[in-house]
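Contents: one structure, followed by commentary.
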2 protein chains.
Amino acid sequence: MDKEQITRILEENGIRPTAVRILVARILVNAESPLSLAELETSLDTAPKSTIFRTLNLFLQHRLVQGIEDGSNSLKYEFCHTQGNNKFDDMHIHFYCEECQHTYCLKNIQIPTIELPDGYSMNSINYMVKGICNKCNSDKQ
Amino acid sequence: MDKEQITRILEENGIRPTAVRILVARILVNAESPLSLAELETSLDTAPKSTIFRTLNLFLQHRLVQGIEDGSNSLKYEFCHTQGNNKFDDMHIHFYCEECQHTYCLKNIQIPTIELPDGYSMNSINYMVKGICNKCNSDKQ
DNA sequence: TGTTCATTTGCAACCCGGTTGCAAATGAGT
DNA sequence: ACTCATTTGCAACCGGGTTGCAAATGAACA
């Protein structure tokens with residue numbers, strides 16, 4: 001995705017498209033799996049982590065990215081590809097491999113929804129499966 | 001639950017029942033919601049956090065407790081009430097209130113299971129819903 | 001184009017949950 | 001009581017995340 005498209009996405013979400021923000025957004029859009037702050041920091045050795053951190057928080061507030069807790073004690077960030085008002089449609093599960101420590105997006109497995117008790121309102125869901133991935137399983141034998 | 005019962009549970013799980021372990025286990029067994037290391041530390045002002053930490057890790061290894069990531073950037077620990085070989089039966093969802101920062105066990109809502117792609121094997125699932133709890137919702141109006 | 005003011009960025013320092021090394025205390029087996 | 005492995009307490013450390021503040025940048029306008 002090129003600079004113009006990223007810029008448009010940022011503007012559509014009410015975010016001023018500065019240089020750093022476009023860089024961060026581009027990396028996230030093109031990533032095939034959720035990235036940590038540290039991973040973004042190494043991809044972007046021009047910007048300090050505080051700036052990236054603030055950028056990510058801004059994106060979170062605008063629901064442009066989603067935070068994923070995979071238990072690796074560093075939050076991962078994933079771009080929300082379904083823009084517009086049906087962002088909930090994109091809720092897929094994630095898989096954390098306890099061997100290679102990689103977090104996979106299982107994009108084609110939707111999170112099964114549940115009914116909350118009366119009075120509870122929902123903002124987001126995290127469905128995180130942990131185990132061993134196919135690559136590590138096949139390496140073992 | 002009294003000391004004898006706790007001791008028995010520890011022994012059944014191959015854990016030597018020392019004084020500190022019994023204390024930690026008792027708090028967790030009687031807790032109505034998952035507790036953080038810091039919360040256990042204040043309940044147990046006799047033991048330092050390093051000891052509690054190691055005890056919790058031991059319990060985790062033996063699957064006597066379950067770790068729950070609620071996004072509050074401190075891991076919560078919950079006792080696995082279903083002992084024996086059907087521990088997976090106890091997998092219920094959790095709810096994190098973004099207002100009062102409390103983590104609820106919704107014990108009577110089971111985690112809907114999914115089918116993993118070929119080659120992936122599962123060790124555990126975390127189903128975490130975030131939003132506003134009934135108490136905070138009713139306080140608002 | 002130059003000026004002004006709000007926003008954003010970079011840096012450095014800090015916070016805090018988690019983790020470790022090591023010596024002292026405890027516990028099980030003799 | 002003696003010995004050896006395990007557990008505990010303390011203190012120091014680590015690393016992800018967060019913040020304060022001054023410099024840089026950007027938008028609006030004369």
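Note on naming: letters A, B, ... go to the chains in the order of the sequence lines (proteins, then strands), and numbering restarts at 1 for each one.
- Rounded to an integer number of Å, the gap from CG of N57(A) to P of dG17(D) is 10 Å.
- Between the CD atom of E69(B) and the C1' atom of dG17(C) there is a distance of 14 Å, given to the nearest Å.
- In the set dA28(C), dT19(C), dG26(D), dA28(C) carries the atom at the smallest distance from any side-chain atom of R16(B).
- The residue A47(A) sits close only to the backbone: its heavy atoms come under 4.0 Å of sugar-phosphate atoms, none of a base.
- dT8(C) atom P lies 13 Å from atom CD1 of I22(A), rounded to whole Å.
- The distance from atom CG of D70(A) to atom C1' of dG16(D) is 13 Å, rounded to the nearest whole Å.
- Atom CG in N73(B) sits roughly 11 Å away from atom P in dT19(D) (whole-Å rounding).
- One finds a side-chain N or O of R21(B) lying less than 4.0 angstrom from the OP1 or OP2 phosphate oxygen of dT7(D).
- The aromatic rings of H81(B) and F79(B) sit perpendicular, their planes meeting at an angle over 60°, well past the 30° parallel limit.
- Under 4.0 angstrom from either OP1 or OP2 of dT8(D) there lies at least one side-chain N or O belonging to T18(B).
- Side chain of S50(A), nearest nucleotide from dC10(D), dA12(C), dT9(C): dA12(C).
- Comparing Y77(B) and L58(A) against DNA chain C, the residue whose closest nucleotide sits nearer the 5' end is L58(A).
- A residue-by-residue look at A19(B) and S36(B) shows that S36(B) has its nearest nucleotide of DNA chain C further toward the 5' end.
- Classification of E69(A) and K130(B) as a salt-bridged pair holds, one side-chain N sitting under 4.0 Å from a carboxylate O.
- Counting to the nearest Å, the P atom of dG18(C) and the CG atom of L35(B) are 13 Å from each other.
- Closest to the T55(B) side chain, of the nucleotides dG17(D), dT8(D), dG17(C), is dT8(D).
- Here S74(B) lies in heavy-atom contact (under 4.0 Å) with sugar-phosphate atoms only.
- Between the C1' atom of dG18(C) and the CD atom of E41(B) lies a distance of 11 Å, rounded to the nearest Å.
- Taking atom CG of L10(B) as the reference point, atom C1' of dT6(D) lies 15 Å away to the nearest angstrom.
- Inspection of the T7(B) and E4(B) side chains reveals no N or O donor paired with an N or O acceptor under 3.5 Å.
- Nearest nucleotide to the side chain of T51(A), out of dG18(C), dT7(D), dT9(C): dT9(C).
- As judged by a 4.0 angstrom heavy-atom cut-off over every strand, R54(A) is placed among the base-contacting residues.
- Ring geometry for H94(A) versus H92(A): interplanar angle of 30 to 60°, hence tilted.
- In this structure, R8(A) pairs ionically with E12(A), as a charged nitrogen and a carboxylate oxygen lie closer than 4.0 Å.
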